[in-house]
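Protein chains get the first letters and strands the later ones, always in sequence-line order, with residue 1 at the start of each.
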Number of protein chains: 2
Amino acid sequence: MTTSERSLTRIQKRNRAAILEAALDVFSQNGFRGATVDQIAKAAGLSKPNLLYYFPSKEEIFTALLSQLLDSWLAPLRDLNADGEPLEEILQYTRRKLEMSREMPRESRLFANELVQGAPRMIDQLSTDLRVLVDDTVMIFETWMTEGKLARVHPRHLLFSIWSLTQHYADFDVQVRTLMAPDGPMDGAEEFLENLYRKMLTPAN
Amino acid sequence: MTTSERSLTRIQKRNRAAILEAALDVFSQNGFRGATVDQIAKAAGLSKPNLLYYFPSKEEIFTALLSQLLDSWLAPLRDLNADGEPLEEILQYTRRKLEMSREMPRESRLFANELVQGAPRMIDQLSTDLRVLVDDTVMIFETWMTEGKLARVHPRHLLFSIWSLTQHYADFDVQVRTLMAPDGPMDGAEEFLENLYRKMLTPAN
DNA sequence: CGTGAGTTTGACCAGTTGGTCAAATGTTCC
DNA sequence: GGAACATTTGACCAACTGGTCAAACTCACG
């Protein structure tokens, strides 16, 4: 946030929020380059010059949106409790990520879109914030494994697997939907994932 | 293929191939809308009008590329042998998909880009060709499970899991690379996946 | 070689897009 | 009620983009 929340007019608050909401819609559907400022403006119920009165450029809308979303996107991982029961913590995290695929598919696709094109506007945050968070998580995983509370697997690939197995349902929704029909796209997904991680991660005695 | 391979000039063959190769590069990096005809032309070593002499439009380049690639992309799945040893067949398939992520990341990203944006130019093939192939595969999986040669899991989610766990490494390469450094992005991936599928799919006795 | 078909190109066009600007309209607050 | 400030808009612009076209050039082949 460049401007402090306090100094914002009633109208500024409403319009900035509407713009970011509209931008999420449009960017997640079309990617950065595929989205037009006009589309976003229309979706936000503003004229293009009016939108550009609130954000100086398309680029700025996008980065504002990214930094606003990244935090909440990563929150479940931060909530991982090192003192909890390892397998249950991981299952809980997986469930939350799967739920986010269902409830926040636009956010998932926004990141997917950006990542698949090399994440030109995200690399900095990836290599700092996310990297740190992942390193911390990996240490937790390793402690659990050393203590014999979790089967030994590569901790980073474990994390990737959770991300890809859950976000897949949001990012490639069209494909999943097509191939699951007439069932709903996520029918049975939770059971599948719970079984997968239980079998893989339950320590051998 | 609209034109039969036979009736093509030496030059036509060379240039059409160069264009498709260049198009794979450009489309996979930028998505359909993000790619410009000029970029593709330059990458193919042609002028824009010259490129448009071989393909009538950007759209046509893209669809030609898609239909050319989809077959080879799905080949490993077609090769699944219903009479083979179930677990080994699946591990073999997983290994091949992982190898394709390493060796053909552009193809993977091309499809990912398209799918994440709702696959407007692929839906037909998804709901016909791919759907049939998946249905066939599901039947094989179900036979194996009924015979007790494979632990019972949701067959469609099993397939999705293989796709997402392997293609992840190509599609989100930037992220994986950043978070795996200083190790190579795919170090340990094969072992991780083999362990995962063995543990999940080995039938309980 | 020369001729007709195949290939290449520069110039061009119309539509789209990100962004600007001055003027008009609203809002706030004394 | 009006001055100062915030918001909104229509008109506009330059850059980019997909695509066209006629003219020039190159190549295969008799």
Side-chain angles (χ1 to χ4, degrees), chain A residues 1-27 29-66 113-114 117 120-121, chain B residues 1-27 29-66 113-114 117 120-121:
Chain A
M1 293 289 151
T2 49
T3 319
S4 80
E5 286 281 334
R6 282 279 151 243
S7 70
L8 293 180
T9 313
R10 174 180 54 90
I11 298 178
Q12 275 168 359
K13 265 186 221 164
R14 169 171 45 84
N15 283 348
R16 287 183 63 101
I19 290 169
L20 289 175
E21 165 65 24
L24 175 55
D25 242 56
V26 175
F27 280 133
Q29 249 174 68
N30 307 102
F32 180 79
R33 200 157 189 294
T36 76
V37 176
D38 243 335
Q39 277 179 317
I40 300 173
K42 206 153 283 176
L46 301 173
S47 65
K48 184 169 63 162
N50 197 9
L51 180 148
L52 289 167
Y53 169 73
Y54 292 99
F55 289 89
S57 70
K58 182 178 166 184
E59 192 82 37
E60 292 266 335
I61 304 172
F62 193 78
T63 55
L65 188 59
L66 271 191
N113 245 315
E114 190 61 10
Q117 294 186 16
R121 298 164 199 85
Chain B
M1 293 288 151
T2 48
T3 320
S4 80
E5 287 279 335
R6 283 279 151 241
S7 70
L8 293 180
T9 313
R10 176 178 53 90
I11 299 180
Q12 273 169 0
K13 265 185 221 164
R14 169 169 48 84
N15 283 349
R16 286 182 65 99
I19 290 169
L20 289 174
E21 165 66 23
L24 175 55
D25 241 56
V26 176
F27 280 133
Q29 249 173 69
N30 307 102
F32 180 78
R33 201 157 188 292
T36 75
V37 177
D38 243 334
Q39 277 179 317
I40 300 173
K42 206 152 285 174
L46 301 174
S47 66
K48 184 169 63 163
N50 197 10
L51 180 148
L52 289 168
Y53 170 72
Y54 291 99
F55 289 89
S57 70
K58 180 179 166 184
E59 193 81 36
E60 293 266 336
I61 303 172
F62 192 78
T63 54
L65 189 58
L66 270 191
N113 245 315
E114 189 62 10
Q117 294 185 18
R121 299 164 197 86

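- Nucleic acid contact class of B:Phe55 (heavy atoms, under 4.0 Å, all strands): none.
- Side-chain proximity of A:Leu52 to C:dT8, C:dG19, C:dT28: nearest is C:dG19.
- Across C:dG18, C:dT9, C:dT27, the shortest atom-to-atom separation from the side chain of B:Pro49 is found for C:dT9.
- B:Arg14 comes within 4.0 angstrom of no nucleic acid atom, judged by non-hydrogen atoms across all strands.
- Inspection of the B:Asn30 and A:Gln117 side chains reveals no N or O donor paired with an N or O acceptor under 3.5 Å.
- Distance check, rounded to the nearest 0.5 Å: NZ of A:Lys58 to OG1 of A:Thr36 gives 7.0 Å.
- Following rounding to the nearest Å, B:Gln12 (CD) and C:dG6 (P) show an atom-to-atom distance of 8 Å.
- Residue order along DNA chain D, read from the 5' end via each residue's closest nucleotide, puts B:Asp38 first among B:Asp38 and B:Ile11.
- Here the P atom of nucleotide C:dT16 and the CD atom of A:Gln39 are 12 Å apart, to the nearest Å.
- One finds a side-chain N or O of A:Arg10 lying less than 4.0 angstrom from the OP1 or OP2 phosphate oxygen of C:dT28.
- Residues A:Glu59 and A:Phe32 approach most closely at OE1-CZ, 3.6 Å, considering heavy atoms.
- One finds no side-chain N or O of B:Tyr53 lying less than 4.0 angstrom from the OP1 or OP2 phosphate oxygen of C:dT8.
- Donor-acceptor pairing under 3.5 Å, judged by distance alone, is absent between the side chain of A:Lys58 and the base of C:dG19.
- For the pair A:Leu66/A:Phe27, no side-chain contact is recorded, criterion being any heavy-atom separation below 4.5 Å from C-beta on.
- At the phosphate of C:dT9, OP1 or OP2 sits under 4.0 Å from a side-chain N or O atom of B:Asn50.
- B:Gln29 places no side-chain N or O within donor-acceptor distance of the main-chain N or O of B:Val26, the cut-off being under 3.5 Å.
- At C:dT9, one or more side-chain N or O atoms of B:Ser47 fall inside 4.0 Å of OP1 or OP2 (strictly under the cut-off).
- The heavy-atom pair separating B:Ala23 from B:Leu65 by the smallest distance is C-CD2, 3.8 Å.
- Backbone-only contact: B:Ala35 has heavy atoms under 4.0 Å from sugar-phosphate atoms and none from a base.
- Interatomic distance, CG of A:Leu51 versus CD of A:Gln39, reported as 12.0 Å (0.5 Å rounding).
- With a heavy-atom cut-off of 4.0 Å to chain A, the contacted part of DNA chain D has its first and last nucleotide at D:dA6 to D:dT17.
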